[in-house]
*Asks:* 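The following block contains the structure, expressed as structure tokens.
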Amino acid sequence: MKRVLLGLLLLTVGLSLAQGVDYRQAAVAAAALARLQTVAQGATGEEKLLKWAQEVKVRAERSYEAKAYFKAAREAQAALLLFRAARGEPQPAPRMGQGMGHGWGHERFAPRFRDRQGNPAPRLPQAAQARVERAEKELAYYRGQDPLAKELVAEAKARLAKEPGRALLLAQAALALISAERGF
């Protein structure tokens, strides 16, 4: 009985390796696309950024259909960032334990994009500047051929002084597209 079970286990492992499918990447991509569908349904904001987000969303769906799961996940991430940028200034995603009211101190490790009065935090412009510079350097180093990534970096540079929150999100979206293009 043990030999039969071991044989079946080896057979399934062999079949999954022969197919070359990483089921974890497929699950991550499917979850990212599901979230993207939900966000895209109620998306509002700046038209130019919404158009780019829809374009990247279509790319992500095509990549998923072509079974390029890593690329699909990164493109979905870029589209989500573009939808957030279209909506306005960044709001940090809550980390595990945040907002529960238990006071265990997780809040002190979360990035603060706003101070207690609701004004943009003083670190936001520096963070946006660093992210835009990194996107520029990665685009040059990896010789990125994606024209949308180049446009996103240029748009982020243009918005850096007046809208550092949007510039940060645009640079992050460009980095996700560069990652999708290069495959890691």
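Given the structure is predicted, the values throughout are model-derived calculations rather than measurements.
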*Asks:* Locate the shortest heavy-atom distance separating Phe184 from Phe70; write the atom from each residue and the value.
*Replies:* N-CE2, 3.6 Å
*Asks:* For a 4.5 angstrom cut-off between non-hydrogen side-chain atoms, does Leu169 reach Leu49?
*Replies:* no
*Asks:* Do Lys48 and Glu155 have side chains that approach each other closer than 4.5 Å (heavy atoms only, starting at C-beta)?
*Replies:* yes
*Asks:* Grouping I, L, V, M, F, W and Y whenever their side-chain heavy atoms are under 4.5 Å apart, do Val56 and Leu152 come out in a common cluster?
*Replies:* yes
*Asks:* Would you please test Trp52 and Glu151 for side chain to side chain contact (heavy atoms under 4.5 Å, CB included) and show each step?
*Replies:* CA-CA 10 Å; Trp52 282 342; Glu151 287 182 45; 3.3 Å; yes
*Asks:* Just verifying a value: how many Å separate Leu36 CG and Tyr64 OH, rounded to the nearest 0.5 Å?
*Replies:* 13.0 Å
*Asks:* Atom OH in Tyr141, atom CZ in Arg143: separation rounded to 0.5 Å?
*Replies:* 9.0 Å
*Asks:* If you group Ile, Leu, Val, Met, Phe, Trp and Tyr by side-chain heavy-atom gaps below 4.5 Å, do Leu80 and Tyr69 land in one group?
*Replies:* yes
*Asks:* Report the distance from atom CZ of Arg59 to atom CZ of Arg74, rounding to the nearest 0.5 Å.
*Replies:* 15.0 Å
*Asks:* Testing the basics here: between Ala128 and Leu168, what is the closest heavy-atom pair and its distance to 0.1 Å?
*Replies:* CA-CD1, 3.8 Å
*Asks:* Take atom NZ of Lys150 as the centre, draw a 6.0 Å sphere, and report whether it contains more than 12 heavy atoms from other residues, nucleotides or ligands.
*Replies:* yes
*Asks:* Shortest non-hydrogen contact from Val132 to Ala156?
*Replies:* CG2-CB, 3.8 Å
*Asks:* Give a yes-or-no answer on whether the side chains of Glu133 and Gln129 include a donor-acceptor pair shorter than 3.5 Å.
*Replies:* yes
*Asks:* Looking at every non-hydrogen atom in both residues, tell me the closest pair between Leu81 and Ala173 and how far apart they are.
*Replies:* CD1-N, 3.6 Å
*Asks:* Within the side chain of Ser63, is there an N or O that forms a donor-acceptor pair under 3.5 Å with the backbone of Ala68?
*Replies:* no
*Asks:* So how far is it from Leu175 CG to Glu136 CD, rounded to the nearest 0.5 Å?
*Replies:* 10.5 Å
*Asks:* Taking the side chain as everything from C-beta on, heavy atoms only, tell me whether Gln172 gets closer than 4.5 Å to Gln77.
*Replies:* no
*Asks:* Determine the minimum heavy-atom distance between Leu160 and Ala167, stating which atoms define it.
*Replies:* CD1-CB, 3.8 Å
*Asks:* Is the shortest side-chain N to carboxylate O distance from Lys57 to Glu61 below 4.0 Å?
*Replies:* yes
*Asks:* Test your reading of the model: is there a side-chain donor-acceptor pair from Arg166 to the backbone of Ala85, 3.5 Å cut-off?
*Replies:* yes
*Asks:* Would you confirm whether Glu181, through its side chain, and Gln145, through its main-chain N or O, come within 3.5 Å as a donor-acceptor pair?
*Replies:* yes
*Asks:* Let me see the working for Arg123 and Gln126 under side chain to side chain donor-acceptor pair (under 3.5 Å), right down to the final yes or no.
*Replies:* CA-CA 5 Å; Arg123 288 187 336 202; Gln126 289 87 6; over 6 Å; no
*Asks:* For Glu75 and Arg62, run salt bridge (charged side-chain N to carboxylate O under 4.0 Å, His left out): C-alpha distance rounded to whole Å, both residues' side-chain angles, the deciding distance at 0.1 Å, then the answer.
*Replies:* CA-CA 10 Å; Glu75 288 171 342; Arg62 286 185 191 146; over 6 Å; no
*Asks:* Please determine whether residues Leu33 and Phe83 belong to a single hydrophobic cluster, defined as Ile, Leu, Val, Met, Phe, Trp and Tyr linked transitively by side-chain heavy-atom distances below 4.5 Å.
*Replies:* yes
*Asks:* Minimum heavy-atom separation for Ala79 to Ala53, with atom names?
*Replies:* CB-O, 3.8 Å
*Asks:* Do Arg131 and Leu170 make a side-chain contact, defined as non-hydrogen atoms from C-beta onward lying under 4.5 Å apart?
*Replies:* no
*Asks:* With a 4.0 Å cut-off, would you call Asp146 and Arg182 a salt bridge?
*Replies:* no
*Asks:* So for atom NZ, which belongs to Lys71, do other residues, nucleotides or ligands contribute more than 12 heavy atoms lying within a distance under 6.0 Å?
*Replies:* no
*Asks:* Could you tell me whether the side chain of Glu55 reaches within less than 4.5 Å of the side chain of Leu148, counting heavy atoms only?
*Replies:* yes
